[in-house]
Amino acid sequence: MKSIEICGSLRTATGKKATNELRKNNIVPCVLYGMNKDENGKPVATHFCIPTDGLRKLVYTPHIYVVDLIIDGQKVNAIMKDIQFHPVTDAILHVDFLQINEENPIVMEVPVQLEGLAEGVKAGGKLALQIRKLKVKALYNVIPERLTIDVTNLQLGKTIKVGELSYEGLELLNAKEAVVCAVKLTRAARGAQAAAGK
């Protein structure tokens, strides 16, 4: 998995007025949930902020990244856990990060990439990707940039489900019956089948 460096600054004021002021200045309020736990067993949260421009490469991309987060000079390895956008303008309103290390598994969504020319496509069908990202649980250093699925032997009208997939070191968290991709019958393929059946 690729890494990206992002710099931020600690913030002391965390109320609504303070966060609105940041957003007016094109700065995004963020929270880092760390490894340490508080007295209630919840991850200790660090409130900080990042200029909007500093987040573009992380947010507006099909790739997934480990983030080298530098907050006032202190470096932390993290992943983006959650992001909120403005419902009208699509501006980034808030980002949550999760601190990671080499010992604790994390949960991430990894893009799916289909490889090969499906038999069903040769027969006139259309290949459809139903799930663009799969949720995996693994140590961050074994999570790949994408999950490749070979569709070469996929016949017309057939599907590949989550339960049929396996990747070394990764636990797939999506429902086993969920369809990842399928070769769908097109009108032309249906016509060809009908003609062949006569």
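Reckoned from all heavy atoms, side chains included, excluding hydrogens, waters and symmetry mates. Along the sequence shown, residues are numbered consecutively beginning with 1.
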Could you walk me through whether Val95 and Leu58 pass side-chain contact (heavy atoms from CB on, under 4.5 Å), step by step?
-> CA-CA 11 Å; Val95 182; Leu58 175 66; 5.5 Å; no
Inter-residue atom distance [X].[atom1] - [Y].[atom2], 0.5 Å rounding:
X      : Y      : atom1 : atom2 : value
Gln113 : Thr148 : CD    : OG1   : 5.0 Å
Ile106 : Leu98  : CD1   : CG    : 7.5 Å
Lys133 : Ile131 : NZ    : CD1   : 13.5 Å
Arg146 : Glu115 : CZ    : CD    : 9.5 Å

Residue Glu164 excluded, over 12 heavy atoms near CD under 6.0 Å | yes
Going by heavy atoms in the side chains, are [X] and [Y] under 4.5 Å from each other?
X      : Y      : result
Gln155 : Val183 : no
Ile71  : Phe97  : no
Leu154 : Leu127 : yes
Arg23  : Pro29  : yes

Are His94 and Val31 close enough, and set up right, to give a side-chain contact (heavy atoms from CB on, under 4.5 Å), and what steps lead you there?
-> CA-CA 8 Å; His94 183 92; Val31 176; 3.7 Å; yes
Using the rule that two of Ile, Leu, Val, Met, Phe, Trp, Tyr join whenever any of their side-chain heavy atoms come within less than 4.5 Å, decide whether [X] and [Y] are in one cluster.
X      : Y      : answer
Ile79  : Leu134 : yes
Ile160 : Val162 : yes
Val66  : Leu32  : no
Leu147 : Met1   : yes
Met108 : Leu69  : no

Nearest non-hydrogen partners of [X] and [Y], listed with the distance:
X      : Y      : answer
Asn101 : Glu103 : OD1-N, 3.0 Å
Ile149 : Leu165 : CD1-CD1, 3.8 Å
Glu5   : Ile70  : CD-CD1, 3.4 Å
Pro51  : Cys7   : CD-O, 4.2 Å
Val76  : Gln99  : CG1-CG, 3.4 Å
Val151 : Cys181 : CG1-SG, 4.0 Å

Is a salt bridge present between Glu119 and Lys122, judged by a nitrogen-to-oxygen distance below 4.0 Å?
-> yes
Evaluate side-chain contact (heavy atoms from CB on, under 4.5 Å) for Tyr167 paired with Val142, printing each intermediate quantity in order.
-> CA-CA 10 Å; Tyr167 300 91; Val142 301; over 6 Å; no
Please assess Leu139 against Glu102 for the test side-chain contact (heavy atoms from CB on, under 4.5 Å), listing each intermediate value before the final yes or no.
-> CA-CA 6 Å; Leu139 297 173; Glu102 290 179 15; over 6 Å; no
